[in-house]
Amino acid sequence: MFYDDLIRQCLLSSTGLVFLFFCLWALIQPATLAGTLGYELKEPNSISEFHAIYVGVFAAQALLCLLAVFRVEDAALGDLVAVFLLAQPVGRLIAFLRNGVPVGLLRVFFVLELVAGMAVLLVRPSV
């Protein structure tokens, strides 16, 4: 493990910015983001679910990252950010087993989620 507030804040900030970016993309051009991810927004339920996740949940994750940045000494907040990040590749593993490995951007997301989540856990706040 490595102890450094500034590096942990940078990791948390960059994670929050990524979530904010996707949240804004989903707000501004939902069909484009959905198409990039392999979704089709044709029915009210698919549109609702897409916005619930990519706007609602991602905005909440960005806010959690922001809180964790400003309260870096509270390791639990940053660790929650890491748990949310690492929960995504866990879910993707279930999909891998059921339907195979995704291609393109989602494969990249899998790796980035693992690396970012582990990095946040490995860089601890100063004691």
Side-chain angles (χ1 to χ4, degrees):
M1 283 198 206
F2 185 69
Y3 296 89
D4 192 292
D5 288 351
L6 182 59
I7 293 173
R8 187 164 166 106
Q9 286 174 312
C10 289
L11 291 168
L12 294 166
S13 296
S14 59
T15 300
L17 288 172
V18 169
F19 280 118
L20 181 61
F21 170 78
F22 279 95
C23 174
L24 293 173
W25 188 1
L27 273 172
I28 296 166
Q29 293 186 324
T32 305
L33 175 57
T36 301
L37 299 173
Y39 290 103
E40 290 184 19
L41 302 178
K42 292 186 175 184
E43 302 294 327
N45 282 356
S46 64
I47 294 167
S48 175
E49 191 66 13
F50 176 84
H51 283 84
I53 294 167
Y54 288 96
V55 177
V57 173
F58 277 30
Q61 287 179 301
L63 287 172
L64 176 60
C65 290
L66 182 66
L67 181 61
V69 166
F70 286 104
R71 292 183 44 195
V72 70
E73 70 283 351
D74 186 352
L77 290 172
D79 292 350
L80 279 174
V81 169
V83 167
F84 276 104
L85 271 173
L86 293 170
Q88 292 179 156
V90 168
R92 293 185 198 285
L93 283 173
I94 295 168
F96 290 175
L97 297 173
R98 289 185 175 165
N99 298 314
V101 179
V103 296
L105 193 56
L106 289 179
R107 188 178 296 178
V108 173
F109 286 173
F110 176 78
V111 172
L112 290 175
E113 292 156 357
L114 280 174
V115 169
M118 294 305 297
V120 170
L121 288 177
L122 291 173
V123 178
R124 308 306 298 163
S126 298
V127 286

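The structure displayed is predicted, hence computed values, not measured ones. All heavy atoms count here, side chains included; hydrogens, waters and symmetry mates do not.
Here the CG-CG distance, from L105 to L112, works out to 9.0 Å after rounding to the nearest 0.5 Å. Here L93 contributes atom CG and Q88 contributes atom CD; the two are 12.5 Å apart, rounded to the nearest 0.5 Å. Rounding to the nearest 0.5 Å gives a distance of 11.5 Å between CG of L20 and OG of S13. Here CG of L122 is found 12.0 Å from CD1 of I7. Values are rounded to the nearest 0.5 Å. Within the model, atoms OH of Y39 and CD1 of I53 stand 5.5 Å from one another, a figure rounded to the nearest 0.5 Å. To the nearest 0.5 angstrom, I47 atom CD1 is 5.5 Å from L41 atom CG.
Here the closest non-hydrogen pair linking V81 and C65 is CG1-SG, 3.7 Å. Between A62 and G16, the closest heavy-atom pair is CB-O, 3.7 Å. In terms of heavy atoms, G78 sits closest to A68 at N-CB, 3.8 Å. Closest heavy-atom contact between D4 and L6: OD1-N, 3.0 Å. Here the closest non-hydrogen pair linking L85 and E113 is O-CB, 3.8 Å. A26 and Y54 make their closest contact through CB-CB, 3.7 Å (heavy atoms, listed as atom of the first residue, atom of the second, distance).
Looking only at distances, no side-chain donor or acceptor of Q61 sits under 3.5 Å from a matching main-chain atom of F19. Side-chain atoms of S48 do not come within 3.5 Å of backbone N or O of P44 as any donor-acceptor pair. Put simply, the side chain of R124 never gets that close to the backbone of F2: no donor and acceptor are under 3.5 Å apart. In this structure, the side chain of D5 engages the main chain of S126 through a donor-acceptor pair within 3.5 Å.
The 12-atom threshold is not exceeded at CD of E49, counting heavy atoms of other residues, nucleotides or ligands nearer than 6.0 Å.
When the side chains of ILVMFWY residues are joined at heavy-atom separations under 4.5 Å, either directly or via intervening members, V108 and M118 end up in two distinct hydrophobic clusters. In this structure, V69 is not a member of the same hydrophobic cluster as L17, with clusters built from ILVMFWY side-chain heavy atoms closer than 4.5 Å. Following chains of ILVMFWY side-chain contacts shorter than 4.5 Å, one cannot reach L64 starting from L121, and the two form parts of different hydrophobic clusters. The same ILVMFWY cluster, assembled from side-chain heavy atoms under 4.5 Å apart, contains both F84 and L77. Linking Ile, Leu, Val, Met, Phe, Trp and Tyr residues whenever their side-chain heavy atoms come within less than 4.5 Å leaves L86 and L80 in two separate clusters.
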inquiry  = If you apply the rule ring-ring contact (aromatic ring centres under 6.0 Å, His included), what do you find for F110 with F96, and how did you get there?
reply    = CA-CA 11 Å; F110 176 78; F96 290 175; 5.0 Å; yes

request  = Tell me, with the steps shown, if R8 and D79 meet salt bridge (Lys or Arg N to Asp or Glu O under 4.0 Å).
outcome  = CA-CA 11 Å; R8 187 164 166 106; D79 292 350; 3.1 Å; yes

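Within the 4.5 Å cutoff, no side-chain heavy atoms of V123 are placed close to those of Y3. No side-chain heavy atom of V55 sits under 4.5 Å from any side-chain heavy atom of F50. Side-chain contact between S46 and E40 is absent, with no heavy atoms from C-beta onward closer than 4.5 Å. Using a 4.5 Å heavy-atom threshold, the side chains of L114 and V111 count as separate.
In this structure, F22 has its ring center under 6.0 Å from that of F109.
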